[in-house]
Amino acid sequence: MKTVKISLNSIDKVKAFVNAVSKYDADFDLVSGRYVIDAKSIMGIFSLDLSKSIDLNIHSESDCEEILSTLEPFIAE
């Protein structure tokens, strides 16, 4: 499992993010405080506080580097 911080501070970013992670068979969890939601659920993402960066847990061993390069625009510095 790999964890990165991401920023989803606009509706367009959320839609693009869900489209990007939906391409992969791996499981993705977004963790914000005590809430853990499926990163492929657009409704779940909108239930989070999107003004802060969110932890993304990537549950994949094989294509983690490819996933990270796809998600580069969303990774918070």
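Atoms considered below: every heavy atom in the structure, side chains included; atoms not considered: hydrogens, waters and symmetry mates. None of these values were measured; they are calculated from a predicted model.
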Taking the side chain as C-beta and beyond, is there a heavy-atom pair between [X] and [Y] under 4.5 Å?
X	Y	result
Phe28	Ile67	yes
Ile58	Tyr24	no
Thr3	Asn57	yes
Val21	Phe74	no
Lys5	Asp55	yes

Can you tell me how far apart [atom1] ([X]) and [atom2] ([Y]) are? Round to the nearest 0.5 Å.
X	Y	atom1	atom2	value
Leu50	Ile6	CG	CD1	9.0 Å
Leu68	Asp63	CG	CG	10.0 Å
Ser41	Asp29	OG	CG	11.5 Å

Taking all non-hydrogen atoms of both residues into account, name the closest pair between [X] and [Y] and its distance.
X	Y	answer
Ala39	Ile45	O-CD1, 3.5 Å
His59	Met1	CE1-SD, 3.2 Å
Cys64	Lys2	SG-CB, 3.7 Å
Ile42	Lys15	CD1-CG, 3.9 Å

Would a hydrophobic clustering, with Ile, Leu, Val, Met, Phe, Trp and Tyr connected at side-chain separations under 4.5 Å, put [X] with [Y]?
X	Y	result
Ile75	Val18	yes
Val31	Ile54	no
Leu56	Val36	no

Practice problem: Spell out, as yes or no, whether a donor-acceptor pair under 3.5 Å connects the side chain of Ser69 to the backbone of Glu66. | Solution: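 Yes: the side chain of Ser69 pairs with the backbone of Glu66.
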Self-check item: Short side-chain donor-acceptor distance under 3.5 Å, Ser47 and Tyr35
Solution: no
Quiz item: Taking atom CG of Asp49 as the centre, does the number of heavy atoms from other residues, nucleotides or ligands within less than 6.0 Å exceed 12?
Solution: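 Yes, the 6.0 Å shell around CG holds more than 12 heavy atoms from other groups.
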Exercise. Give the intermediate values and the outcome of side chain to side chain contact (heavy atoms under 4.5 Å, CB included) for residues Leu71 and Val4.
Key: CA-CA 10 Å; Leu71 299 180; Val4 293; 5.8 Å; no
